[in-house]
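The structure appears below as structure tokens.
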Amino acid sequence: MTHTIIIEDDPMVAQINRQYIQQIPEFCVDAIFEEAQSAWNYLQNNTVNLVLLDVFMPGMDGITLLHKIRSEKIKCAVIIITAATEMSTVHDGLRLGIIDYLIKPYTFERFQEAIKKYTNRMNLLNNGTKANQEVVDQLLKNSITPEKITNIKLEKGLNAQTLELILFHLQKTQSKEHTCETLSKASNLSKVTVRRYLNYLIEEGSVSSSIDYETGGRPRIIYTLV
């Protein structure tokens with residue numbers, strides 16, 4: 001059984017998260033907290049496998065709690081579920097090793113995708129005592145870290161924050177097909193801007209493209225992370 005806690009100050013959202021978890025076999029919600037300090041006290045004295053963590057809360061915010069969890073080496077996975085869309089917050093979450101980052105409002109299908117990421121990672125990590133290259137590659141596949149973004153050299157006229165935003169949306173829905181139109185809608189950027197950054201990422205080897213002819217109409221270009 002995967003022991004899960006929910007840290008969310010909006011009771012309605014907390015109940016939605018509880019209902020979602022209860023629909024997934026082998027997962028249970030052990031506790032719900034409306035603020036981070038009580039959750040922190042609980043984490044120090046109880047076994048928790050997965051934390052569903054909001055960012056904006058009274059008192060201690062979610063990122064501060066995540067720092068404390070990591071600094072004290074509490075072994076639990078964290079999925080951030082929040083209305084926070086600032087890239088600095090996304091950056092902090094990635095740096096602190098979150099499994100996924102869900103932006104409110106989100107669908108049950110997207111929630112399931114986040115849980116699947118957690119399950120896949122745990123299955124790999126718990127498969128024996130030693131890793132081989134294949135296992136490590138699967139753990140890191142399509143993983144976007146702040147370091148990976150920093151290491152990409154930008155050509156003149158490109159903006160690092162815009163690049164990070166597009167990469168974030170590519171990772172956030174990595175099980176789906178991406179087009180210039182869907183990424184434009186998700187990121188609130190123009191299609192012209194998105195296409196320019198995608199072409200740059202293709203040249204850098206971070207993104208690949210393919211043509212889908214089975215649309216019943218005009219072919220479309222599909223983009224995927226390498």
Side-chain angles (χ1 to χ4, degrees), residues 2-22 24 27-119 121-122 125 143-150 161 164-165 167-174 186-188:
T2 299
H3 296 278
T4 305
I5 66 169
I6 297 169
I7 309 173
E8 169 63 63
D9 67 333
D10 185 327
M12 183 177 296
V13 176
Q15 289 307 313
I16 289 172
N17 289 340
R18 179 202 284 271
Q19 291 169 15
Y20 282 176
I21 281 289
Q22 289 174 339
I24 301 174
F27 281 76
C28 65
V29 177
D30 291 343
I32 297 177
F33 300 95
E34 294 185 359
E35 44 85 27
Q37 185 60 54
S38 297
W40 172 240
N41 296 338
Y42 184 91
L43 283 163
Q44 293 177 88
N45 297 289
N46 296 273
T47 298
V48 176
N49 306 119
L50 177 62
V51 176
L52 304 183
L53 178 63
D54 190 14
V55 172
F56 299 133
M57 293 178 288
M60 188 193 310
D61 64 69
I63 295 298
T64 300
L65 175 60
L66 185 52
H67 272 289
K68 291 171 71 68
I69 289 171
R70 298 301 182 231
S71 64
E72 294 298 322
K73 295 180 170 58
I74 294 177
K75 294 183 179 180
C76 64
V78 175
I79 295 173
I80 287 180
I81 302 178
T82 181
T85 57
E86 295 81 8
M87 289 309 304
S88 59
T89 304
V90 177
H91 201 272
D92 288 340
L94 292 172
R95 189 179 298 280
L96 291 165
I98 58 173
I99 296 290
D100 209 343
Y101 192 109
L102 274 62
I103 297 176
K104 303 172 184 175
Y106 49 92
T107 63
F108 178 59
E109 289 73 23
R110 184 63 184 87
F111 184 89
Q112 282 182 305
E113 183 180 326
I115 296 299
K116 184 177 180 180
K117 289 181 184 179
Y118 165 79
T119 302
R121 182 173 294 188
M122 292 303 106
L125 289 173
S143 175
I144 299 175
T145 64
E147 289 73 21
K148 179 176 179 180
I149 295 169
T150 301
Q161 288 186 329
E164 190 169 352
L165 178 62
L167 283 169
F168 171 66
H169 284 290
L170 279 165
Q171 183 201 36
K172 189 164 71 76
T173 54
Q174 60 184 262
S187 62
N188 290 321

Checklist line | Pair Y42-V48, side-chain contact (heavy atoms from CB on, under 4.5 Å): steps then yes or no | finding: CA-CA 9 Å; Y42 184 91; V48 176; 3.7 Å; yes
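- Separating the CD1 atom in I5 from the CG atom in N49 is a distance of 10.5 Å, to the nearest 0.5 Å.
- For the atom pair L66 CG and D92 CG, the distance stands at 8.5 Å (nearest 0.5 Å).
- With rounding to the nearest 0.5 angstrom, the NZ atom of K117 is 12.5 Å from the OG1 atom of T119.
- Between I80 and V90 there is no side-chain heavy-atom pair separated by less than 4.5 Å.
- Atom CH2 of residue W40 and atom CD of residue E72 lie 4.5 Å apart, to the nearest 0.5 angstrom.
- Between the CD1 atom of I99 and the CG atom of L52 there is a distance of 11.5 Å, given to the nearest 0.5 Å.
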Note to self: Show, in sequence, the C-alpha distance, side-chain angles and deciding distance for I115 and T2, and conclude whether the side-chain contact (heavy atoms from CB on, under 4.5 Å) test is met.
What the structure shows: CA-CA 11 Å; I115 296 299; T2 299; over 6 Å; no
Checklist line | Step-by-step side-chain contact (heavy atoms from CB on, under 4.5 Å) determination, I74 to K68 | finding: CA-CA 9 Å; I74 294 177; K68 291 171 71 68; over 6 Å; no
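- A pairwise comparison of heavy atoms in L165 and S187 identifies CD2-O, 3.6 Å as the closest pair.
- Minimum heavy-atom separation, T47 to D30: O-OD2, 4.5 Å.
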Item checked: Test side-chain contact (heavy atoms from CB on, under 4.5 Å) applied to Y20 and I6, step by step -> CA-CA 11 Å; Y20 282 176; I6 297 169; over 6 Å; no
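- In this structure, the separation between OH on Y118 and OG1 on T4 is 7.0 Å, given to the nearest 0.5 Å.
- Side-chain atoms of L96 and I69, non-hydrogen and from C-beta on, never get closer than 4.5 Å to each other.
- Annotation: side chain of F111 is in contact with side chain of N17 (closest heavy-atom distance under 4.5 Å).
- Pairing each heavy atom of A84 with each of Y101, the nearest pair is O-OH, 2.6 Å.
- Nearest heavy-atom pair, I7 versus A36, reported as atom, atom and distance to 0.1 Å: CG2-CA, 4.3 Å.
- When every heavy atom of M57 is checked against every heavy atom of D9, the shortest pair comes out as CA-OD2, 4.1 Å.
- Between E8 and A14, the closest heavy-atom pair is CG-N, 3.7 Å.
- Within a 6.0 Å radius of NZ in K116, no more than 12 heavy atoms belonging to other residues, nucleotides or ligands are found.
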